[in-house]
Amino acid sequence: PYGESFDRDGAIMKDAKNLVPVEGMPCALNLISAMLSTEAENRPTSEEVLEHPMWWSAHQRLAFLTDFSDRIEVLNRAKHTSQYHELESLGPWAIGDDGEWWTRLDPLLVENLLKVRKYDTRSLRDLLRVLRNKHVHYRELPVDLQKCLGGLPDKFLDYFESRFPNLLMACFLFAVKCFSDESTFDKYFNAGIAKGLVKICAPSVMKDDALRDAAILVAKERIEAQE
């Protein structure tokens, strides 16, 4: 990432790294960027590197997102309201700056969704609900929609990851932070080790107290305005 041997030392000193080859692989970009941090305390340990979802297969990534979606379905209930607001505060990072996930989906999928139920098109929980439901009921979908989404697991997962590059990382980091003591996620990460990745690999909206509080307030106000 620092170029040819004759100018590598200078590039390292200037932190002039070239990560273009992994820009289309958001998990890889997240991990490699952290590993190349100029600050030692911001670089993951070898154990933490191995807990990063960059190493997961398509099957593991899709299974995790499905399990995560199942888990967050209870977060809008009274005793979990604060966690639900915190989850939704990650929407702009996980979905995109405008926060409207339906605009990134094919019309064929949107049409199908409108026939089934009502979705909040700015809700991260509802986007994950779409992914989970279409995954679980894939064989029941119309053939043209199956072709649109692609085959399980690789093409199907790519359909969503290509449109929402930070979705997996947002869900992973939230799970590590909030659900680390739950057995559901034991098969995906070692909570004791993976917690270090929240400090290193999370976006500012998760690490900076002021930014996090402001984002949670925005999410809370949006949700309450709809109730």
Side-chain angles (χ1 to χ4, degrees), residues 20-31 52-77 84 87-88 90-175 179 182-189 219 222-223 226:
V20 172
V22 293
E23 283 185 350
M25 297 178 282
C27 281
L29 180 62
N30 178 276
L31 178 58
H52 196 281
M54 188 195 86
W55 309 107
W56 295 355
S57 66
H59 175 79
Q60 287 174 298
R61 300 200 305 275
L62 185 54
F64 169 79
L65 289 171
T66 301
D67 284 342
F68 184 81
S69 178
D70 284 337
R71 175 61 182 83
I72 63 173
E73 282 296 324
V74 302
L75 290 187
N76 61 333
R77 299 175 188 171
Y84 178 51
L87 171 73
E88 292 296 343
L90 299 179
W93 183 56
I95 297 171
D97 290 337
D98 65 357
E100 291 279 2
W101 50 259
W102 71 275
T103 61
R104 293 169 168 78
L105 304 180
D106 284 285
L108 187 63
L109 175 55
V110 173
E111 180 183 359
N112 178 267
L113 295 176
L114 294 175
K115 292 179 181 178
V116 178
R117 64 180 302 163
K118 183 178 180 181
Y119 289 93
D120 177 354
T121 60
R122 296 183 66 85
S123 169
L124 178 55
R125 180 199 61 192
D126 279 20
L127 170 60
L128 287 161
R129 186 181 284 166
V130 169
L131 183 150
R132 180 199 64 199
N133 289 346
K134 298 313 174 190
H135 172 211
V136 172
H137 300 290
Y138 182 84
R139 303 301 175 191
E140 303 163 25
L141 298 177
V143 174
D144 56 348
L145 184 53
Q146 288 186 13
K147 290 180 179 178
C148 175
L149 293 173
L152 294 171
D154 298 74
K155 296 297 184 181
F156 179 92
L157 184 64
D158 183 63
Y159 180 90
F160 288 94
E161 288 189 331
S162 63
R163 289 162 173 78
F164 310 102
N166 295 321
L167 181 62
L168 177 62
M169 282 305 305
C171 297
F172 168 76
L173 292 167
F174 188 89
F179 305 143
E182 299 185 14
S183 59
T184 299
F185 299 103
D186 286 348
K187 58 181 174 288
Y188 299 110
F189 54 79
R222 180 187 66 79
I223 293 165
Q226 294 180 323

Atom [atom1] in [X], atom [atom2] in [Y]: separation rounded to 0.5 Å?
X      : Y      : atom1 : atom2 : value
Arg117 : Asn133 : CZ    : CG    : 6.5 Å
Cys148 : Phe156 : SG    : CZ    : 10.5 Å
Asp70  : Leu65  : CG    : CG    : 11.0 Å
Asn112 : Asp144 : CG    : CG    : 9.0 Å
Arg139 : Leu152 : CZ    : CG    : 5.5 Å
Leu108 : Lys147 : CG    : NZ    : 11.5 Å

Does some side-chain heavy atom of [Y] sit less than 4.5 Å from a side-chain heavy atom of [X]?
X      : Y      : result
Val110 : Thr103 : no
Phe160 : Leu62  : no
Leu127 : Tyr119 : no
Leu131 : Ser69  : no
Pro26  : Leu29  : no
Asn166 : Ile95  : no
Leu128 : Leu167 : yes

>> Using the rule given for side-chain contact (heavy atoms from CB on, under 4.5 Å), can you reason through Arg129 versus Ile72, listing the C-alpha separation, both sets of side-chain angles and the distance that settles it, and then say yes or no?
In response: CA-CA 9 Å; Arg129 186 181 284 166; Ile72 63 173; over 6 Å; no

>> Run the side-chain contact (heavy atoms from CB on, under 4.5 Å) test on Arg71 and Phe185 for me, step by step, so that the C-alpha distance in whole Å, both residues' side-chain angles and the decisive distance to 0.1 Å come before the verdict.
In response: CA-CA 10 Å; Arg71 175 61 182 83; Phe185 299 103; 4.0 Å; yes

> Would you say Trp102 has more than 12 foreign heavy atoms packed within less than 6.0 Å of its CH2?
Replying inline: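 Atom CH2 in Trp102 is not crowded, with 12 or fewer foreign heavy atoms closer than 6.0 Å.
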
> Hey, is CG on Asp98 packed in by over 12 heavy atoms from elsewhere, all under 6.0 Å?
Replying inline: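 For Asp98, atom CG is crowded (more than 12 foreign heavy atoms under 6.0 Å).
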
Looking only at heavy atoms, what is the nearest atom pair of [X] and [Y], with distance?
X      : Y      : answer
Gln60  : Tyr188 : O-CE2, 3.8 Å
Leu124 : Leu87  : CD2-O, 3.6 Å
Pro53  : Leu168 : CB-CD2, 4.3 Å

Electrostatic pair [X]-[Y], nearest N-O below 4.0 angstrom:
X      : Y      : result
Asp67  : Lys187 : yes
Arg132 : Asp126 : no
Glu88  : Arg125 : no

>> Filter on side chain to side chain donor-acceptor pair (under 3.5 Å), then keep only pairs touching residues 149-161, sequence neighbours left out; what's left?
In response: Arg61-Glu161, Asp106-Tyr159

> Looking at Trp93, Tyr84, Phe64, Phe179, which one forms a ring-ring contact (aromatic ring centres under 6.0 Å, His included) with Phe174?
Replying inline: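 Single pass found, and it is Phe179.
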
>> Run Arg222 and Asp120 through salt bridge (Lys or Arg N to Asp or Glu O under 4.0 Å) and show every step you take.
In response: CA-CA 11 Å; Arg222 180 187 66 79; Asp120 177 354; 2.9 Å; yes

>> Determine whether Asn30 and His52 satisfy the following criterion, side-chain contact (heavy atoms from CB on, under 4.5 Å), listing intermediate values before the conclusion.
In response: CA-CA 9 Å; Asn30 178 276; His52 196 281; 2.9 Å; yes

>> If you take the centroid of each ring, where Trp contributes its six-membered ring, are Phe172 and Phe189 closer together than 6.0 Å?
In response: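 So the answer is yes for these two rings.
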
> Can a cation-pi geometry be assigned to Arg104 and Phe164, taking NZ or CZ under 6.0 Å from the six-membered ring centre and within 45° of the ring axis?
Replying inline: no

